[in-house]
Structures are given as structure tokens and as C-alpha cells.
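Notes to accompany the following structure.
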Amino acid sequence: MVRMVHVGVVGAGYVGLTTAACLASLGHDVVCADIDEARVERLRRGDVPFHEPGLTALLSKALASGRLRFVLGAAAAAENRQVVFLCVATPQGDDGNHDLTFIDAATDDIAQALAPNTVVVTKSTVPIGTAQRITQRLGRGDVYVAANPEFLAEGTAVSDFMSPSRIIVGSENRDAAWLVASLYGHISAPVVVTDSASAELIKLASNAFLATKLSFVNTVSAVCEQIGANVNDVAGAMGLDPRIGSRYLHAGPGWGGSCLPKDTRALVHAAAQVGVDFGVVAAAISANDTQLQRIADKIIAAAAGGTVGVWGLTFKANTDDLRDSPSLTIVDRVLASGAAVTAFDPAISAAHPLIPHQVQIVGSALTAATGASCLAVLTEWDDFRWIPPAEVAAVMDGRTVVDGRDLLNAADWSAAGFTVRGIGS
Ligand code: UDX
């Protein structure tokens with residue numbers, strides 16, 4: 001039997017809202033705060049402000065149970081709580097480190113509202129030493145601080161939260177750490193209780209390791225193209241070795257999103273600050289840029305100054321997140337070459353500040369391909385797989401497809417008259 005804990009969650013973004021809804025569904029009493037009044041109003045109505053499979057259903061259940069409430073402002077989520085999670089944004093700072101402006105502001109907002117013995121917990125990815133920084137900033141000898149990094153990926157956030165590979169809690173106070181760990185009592189996963197710096201490093205090192213693995217396989221894909229080998233066969237066989245593992249071995253146009261680019265730079269920066277040259281991660285970052293450029297070059301060559309039809313703008317499928325999207329970096333470079341871009345993404349229906357204004361957003365994959373000299377598949381939305389190549393051939397001017405995600409059935413597309421330029425074959 002898990003003891004019900006009174007939890008506060010500050011920040012209702014991907015991590016905060018998922019944490020709040022999941023903890024309420026695990027039986028805890030949760031108050032979740034945001035500083036955006038419109039967002040709070042929407043959430044009170046059960047309206048999730050971003051695309052995340054399963055979250056709307058979980059939110060309605062949690063609201064109906066009465067165990068989840070939304071409030072405006074961090075202080076309101078801190079009063080009379082036993083555990084308060086800080087889930088505010090930690091964007092990339094100018095110096096390579098995460099920018100802690102929102103963490104600092106939330107810390108200041110809750111400092112006087114916290115009841116004695118409350119545990120304040122970071123869940124967003126933070127620089128090493130943030131728990132210590134919060135402890136000092138709170139200036140309260142009667143509350144505790146812990147780091148409980150979240151490993152959820154967008155698109156699978158709810159299942160990642162409910163079935164995590166591990167639960168990490170770091171704190172200088174072991175009772176505080178175990179109280180945080182106890183929140184997940186119904187979940188079967190290894191629990192690691194450690195100090196706060198180790199917990200913070202576990203998160204950064206995990207994301208940097210995944211990024212390095214991806215850059216490794218993306219570079220293997222470049223070698224495959226030169227020697228006539230097939231990266232799927234190579235990576236598939238590598239992944240059969242349990243010491244390597246099969247996940248994060250799918251070659252693509254480069255990695256992106258709100259975490260991997262930021263966390264890799266933050267780890268290189270954190271290591272440099274203590275005199276350690278983390279060259280292997282720096283090389284992974286630079287290899288990622290090489291991969292993005294390689295795909296952009298293939299598209300630019302095929303388009304020959306004409307129009308490029310782009311399928312997919314989000315940084316991966318099953319999200320509407322455009323932050324640090326490989327697709328958008330590639331689109332930028334294609335536009336710089338003088339080609340025009342018409343794009344379709346199932347999750348994007350209108351102009352967006354992160355999408356260059358020259359890109360024409362259209363409402364279907366076929367419309368994006370219409371009149372195009374080259375088609376580029378840049379996000380792995382499953383829908384694209386099933387579009388008949390003959391229908392695309394009927395509307396396109398050119399006959400080249402750059403499949404940056406190795407998504408399409410190359411034999412079917414070749415049979416329909418296309419030259420398919422994939423990744424690593
Ligand atoms: C990541 C981590 O996976 C998660 O644990 C952490 O909490 C936040 O950062 P997310 O940003 O949602 O999650 O993205 P992820 O699914 O890891 O993908 C990152 C990038 O790698 C995407 O651009 C994706 O398309 C790319 N990728 C992933 C590949 O190119 N090939 C793969 O095999 C896997």
C-alpha cells in the first residue's frame with residue numbers, strides 16, 4: 001500500500017504536467033502550478049496544450065478523481081505540501097550551460113510558502129550543483145532538496161513515466177530521498193538513491209550517451225554509403241550484442257529535440273569547468289552537424305534550385321515539438337541554397353515562430369509533393385509510409401526522394417519510377 005503524499009508541481013509543460021497527472025493517478029494529492037493564466041484555465045477544463053499521446057485521458061481521470069488541481073503561480077503549489085517538484089523550463093544558456101532563470105524564480109516564489117520538512121525536488125534537467133544552489137537560495141534550514149531526474153521522452157511520456165527503466169533520487173538527506181522514492185511505490189523499477197550531484201550527472205550523462213550512440217550510427221551510415229554497405233544490416237547486427245543494445249541505433253538525419261542538443265553541450269561545459277575535456281561528446285555534437293549537412297546536401301543536389309516538398313517538421317514523430325528539430329535545420333540550409341520549400345506535418349497546421357516564414361505549410365502530404373522537384377522525408381510519421389508512390393508520382397515534377405528516416409519502402413518507390421536516396425545504403 002502506497003502512502004498518499006501531498007505533492008506540488010511547479011510548471012505545467014511536458015515534464016510537469018505528465019508528472020502531475022501520473023502522480024495523481026498513482027493516488028497522490030497533487031496541486032500543479034503554472035504562471036500562464038490561459039494555460040491554467042485550459043488545464044482546469046482538461047485541455048492539454050500540446051500533443052502527447054495518453055495525457056488527455058489521464059488528465060480527465062485525475063481531474064474527475066479530485067486529486068489534481070491547477071493553480072496560478074508557484075507559491076500556491078508549495079503551501080502545505082510534503083514534496084514540491086520544480087518542473088520549469090531550463091533553456092540553453094549563452095555559455096553552454098542550462099539557463100537557471102526560471103528555476104531561480106520558482107525557488108524564490110516558493111521559499112516562504114513551504115511548510116517545514118518539505119522536500120523540494122528538481123525534475124527538469126539541470127546543471128550539476130543545482131540542488132546545492134536551490135538549498136542556498138531557499139535559505140531555509142527546515143526544508144530539504146533532492147534531484148529526481150525524469151527520463152521521459154516526448155510522444156511516450158506517460159508510458160515512460162509509469163514504466164521507467166529506473167528511478168533516481170539524489171539528496172544529501174537520505175530520509176528526504178526515500179520520501180521522494182516512495183511516491184513511485186506502485187511502479188516496479190530499480191531505485192537508485194544517491195547524492196544530488198550524482199543524480200544530476202546521471203541525467204546529463206545518459207542523454208549525452210544516447211546522443212553519442214546516435215552520432216556513431218549516423219557516421220556508420222556515411223561510411224555505408226561510400227562502400228555500398230547497408231546501415232540497417234550493420235546497426236541491426238551490432239544491436240544484437242547485448243553489450244551494445246538495439247535501441248538508439250536507427251540512423252537518421254541527425255538528432256534534435258529539447259533535450260539531447262542542450263544536455264550534450266551542458267555536459268561538455270560542466271566537464272570543462274572542472275578541468276575535464278569531454279572530447280567524445282564534443283565530437284558527437286560535431287558529427288551531428290555533419291549528418292544534418294549531409295542530408296541537406298543530398299536534398300539541395302536533387303532539387304537543383306526547384307521546389308522541395310518536405311514531409312515532417314517536428315523533431316521526431318508523435319509530438320508537435322519543433323524545438324531543435326533536425327528537419328528545421330535542414331530546411332534552413334535548403335532555403336539558403338535558393339530552393340523553395342513546401343511542407344506538411346500531421347502535427348503542424350499553421351505558421352510557427354520556429355518555422356522559417358518562407359516555408360509554405362500545406363494541409364496534406366500530397367499537396368506538399370505537388371510540383372516538387374524533390375521530396376524529402378525528415379520526420380518518421382507512420383502515415384507517410386502508407387502513401388502510394390504512384391499518387392505522389394502523379395503530382396510531383398521530379399522523381400527523387402531523399403528519405404532521411406529510412407521510412408519508405410524503397411522497392412515500391414523505385415518501381416513507381418523514383419530514385420530513392422536513403423540513409424546509409
Ligand atoms: C530524450 C531522452 O530520450 C529522454 O530520456 C529525456 O528525458 C529527454 O530527452 P526526447 O527529447 O523526447 O527524449 O527525444 P528522443 O526520443 O530521445 O529522440 C531524440 C532525437 O534522436 C530525435 O531527433 C530522434 O528522431 C532521434 N533518434 C532517436 C534517432 O535519430 N534514431 C533513434 O534510433 C532514436
Side-chain angles (χ1 to χ4, degrees), residues 13-16 18-19 50-53 55 87 89-90 92 98 122-126 147-161 163-168 189 199-200 202-221 231-232 234-236 238-239 244-267 284-285 287-289 291-292 294-295 312-330 345 347 377-382 403-407 422-424:
Y14 281 101
V15 172
T18 307
T19 300
F50 45 83
H51 178 89
E52 187 57 51
L55 193 52
C87 301
T90 49
Q92 180 83 54
H98 293 90
T122 54
K123 229 181 194 336
S124 322
T125 308
V126 290
N148 172 217
E150 180 51 58
F151 297 95
L152 59 82
E154 290 178 25
T156 51
V158 173
S159 56
D160 289 344
F161 190 100
S163 314
S165 50
R166 70 285 207 202
I167 292 162
I168 311 291
E200 290 161 348
I202 287 166
K203 171 72 195 227
L204 284 181
S206 298
N207 273 354
F209 192 87
L210 293 174
T212 306
K213 194 174 178 188
L214 288 171
S215 275
F216 190 96
V217 76
N218 284 341
T219 308
V220 169
S221 79
V231 72
N232 290 329
V234 176
M238 283 169 63
I244 295 174
S246 59
R247 298 188 65 194
Y248 284 77
L249 271 189
H250 192 90
W255 39 267
S258 67
C259 290
L260 264 46
K262 200 167 71 173
D263 293 355
T264 43
R265 283 184 225 122
L267 182 58
I285 296 170
N288 196 42
D289 193 65
Q291 185 75 350
L292 291 163
R294 243 164 47 74
I295 310 310
L313 293 168
T314 53
F315 83 94
K316 64 176 183 179
N318 300 317
T319 177
D320 56 2
D321 200 339
L322 294 163
R323 287 175 291 174
D324 252 312
S325 169
S327 173
L328 290 182
T329 307
I330 291 168
D345 188 294
V377 182
L378 296 178
T379 311
E380 74 284 21
W381 288 100
D382 206 41
D403 185 357
R405 294 285 183 168
D406 192 29
L407 188 75
I423 298 281

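Computed over heavy atoms, backbone and side chain alike; hydrogens, waters and symmetry mates excluded. Counting convention: from 1, in listed order, for ligands and their atoms alike.
- A cation-pi geometry, defined here as NZ or CZ lying under 6.0 Å from the six-membered ring centre and within 45° of its normal, does not hold between Arg323 and Phe315.
- Only backbone heavy atoms of Glu150 (N, CA, C or O) come within less than 4.0 Å of ligand 1; its side chain stays farther off.
- Using a 4.0 Å cutoff on heavy atoms, Lys203 counts as a contact of ligand 1.
- Among Trp255, Tyr248, Tyr14, the residue whose heavy atom lies nearest to atom 28 (C) of ligand 1 is Tyr248.
- Interface of Leu260 with ligand 1, defined as ligand atoms under 4.0 Å from a residue heavy atom, comprises 1 (C), 9 (O), 19 (C).
- Using 4.0 Å as the threshold, Gly257 has no heavy atom nearer than that to any atom of ligand 1.
- In this structure, atom 10 (P) of ligand 1 lies nearest to the protein heavy atom Lys316 NZ, 3.8 Å.
- Residue-ligand proximity, Arg405 to ligand 1, at heavy-atom distances under 4.0 Å covers atoms 25 (O), 30 (O).
- Contacts of Thr125 with ligand 1, taken as heavy-atom pairs under 4.0 Å, are absent altogether.
- Here is the list of ligand 1 atoms found below 4.0 Å of a heavy atom in His250: 29 (C), 30 (O), 31 (N), 32 (C), 33 (O).
- In this structure, of Gly256, Pro326, Cys259, Gly312, the residue bringing a heavy atom nearest to atom 20 (C) of ligand 1 is Gly256.
- Each of the atoms 12 (O) of ligand 1 lies under 4.0 Å from some heavy atom of Glu154.
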